[in-house]
Amino acid sequence: MISIGLLLIRLFIGVAFIGHGAQKLFGWFGGYGPKGTGGWMESVGIKPGVAMAVLAGILELGGGLLFAAGLFTPVGAVMLILAMAGAMKVHLSNGFWATANGYEYPLTLLVVAAGVAFAGPGSISLDHLLF
């Protein structure tokens, strides 16, 4: 039963990150692509914007793929943690609560990724199958 719970967490969180990465990298799912996302990043002080948008997109898309599949799960989790650490930096000055545009949600995702990294991906994963 624990492996089913871990699978549900990995799939939902991983697929959500895949979508966010695709928004940044390709403009899919209502995203703005590297130029649009990079422009927004520059507007909040993250420079160089386009390069950072691409980096964030790679971390989210790649980390999400690994996390969802349970393949090299600690590596995927670290990629998601890095992406969420960057998101937290943007929201830090707004305080904790998401209702005030704070860092609550990125921190939640960071903790979920860290928790799965420490717990392991479970038996329903490519890590378990291959290693």
Side-chain angles (χ1 to χ4, degrees):
M1 296 304 265
I2 291 172
S3 287
I4 293 171
L6 288 166
L7 175 66
L8 291 172
I9 292 166
R10 285 192 355 260
L11 285 176
F12 181 81
I13 299 299
V15 169
F17 271 104
I18 291 166
H20 279 283
Q23 287 177 323
K24 290 174 181 67
L25 292 173
F26 312 119
W28 296 352
F29 311 117
Y32 300 103
K35 286 186 181 182
T37 304
W40 174 81
M41 286 185 161
E42 293 246 351
S43 78
V44 296
I46 300 171
K47 297 177 183 180
V50 172
M52 296 305 286
V54 169
L55 176 61
I58 290 169
L59 289 172
E60 291 173 354
L61 181 67
L65 285 167
L66 293 174
F67 198 76
L71 178 63
F72 305 115
T73 304
V75 174
V78 166
M79 292 172 76
L80 302 182
I81 288 166
L82 290 170
M84 289 302 92
M88 285 178 58
K89 183 180 185 303
V90 172
H91 296 277
L92 202 58
S93 64
N94 298 321
F96 178 73
W97 300 110
T99 52
N101 205 23
Y103 62 91
E104 173 187 9
Y105 188 61
L107 178 59
T108 300
L109 293 172
L110 185 152
V111 169
V112 168
V116 171
F118 282 112
S123 63
I124 309 169
S125 67
L126 289 178
D127 281 344
H128 182 76
L129 180 68
L130 298 172
F131 309 113

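Excluded from the calculations below are hydrogen atoms, water molecules and symmetry mates; all remaining heavy atoms, backbone and side chain alike, are included.
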For the [atom1] atom of [X] and the [atom2] atom of [Y], what is their distance to the nearest 0.5 Å?
X	Y	atom1	atom2	result
Tyr103	His91	OH	NE2	12.5 Å
Leu61	Lys24	CG	NZ	10.5 Å
Glu60	Met79	CD	CE	10.0 Å
Leu66	Ile18	CG	CD1	9.0 Å
Leu11	Leu6	CG	CG	11.0 Å
Asp127	Thr73	CG	OG1	3.5 Å

Under 4.5 Å between side-chain heavy atoms, counting indirect links through other Ile/Leu/Val/Met/Phe/Trp/Tyr residues: same cluster for [X] and [Y] or not?
X	Y	value
Met88	Phe17	yes
Leu71	Val75	yes
Phe67	Val15	no
Val78	Leu126	yes
Tyr105	Val116	yes

Using every non-hydrogen atom in the two residues, find where [X] and [Y] come nearest and quote the distance to one decimal.
X	Y	result
Ala113	Leu80	CB-CB, 4.2 Å
Gln23	Trp28	CG-O, 3.1 Å
Ser125	Gly122	OG-O, 2.8 Å
Ala68	Gly14	CB-CA, 4.0 Å
Met41	Ala56	CE-CB, 4.0 Å
Leu25	Val54	CD2-O, 3.7 Å

Should we count [atom1] of [X] as having more than 12 external heavy atoms under 6.0 Å?
X	atom1	result
Ile2	CD1	no
Tyr32	OH	no
Phe26	CZ	yes

Would you call the rings of Phe72 and Phe131 parallel, tilted or perpendicular if under 30° counts as parallel and over 60° as perpendicular? tilted
Side-chain donor or acceptor of Asn101 paired with backbone N/O of Asn94 under 3.5 Å: no
Is there a side-chain contact (heavy atoms from CB on, under 4.5 Å) between Val90 and Trp40? Walk through the geometry before answering. CA-CA 11 Å; Val90 172; Trp40 174 81; 3.9 Å; yes
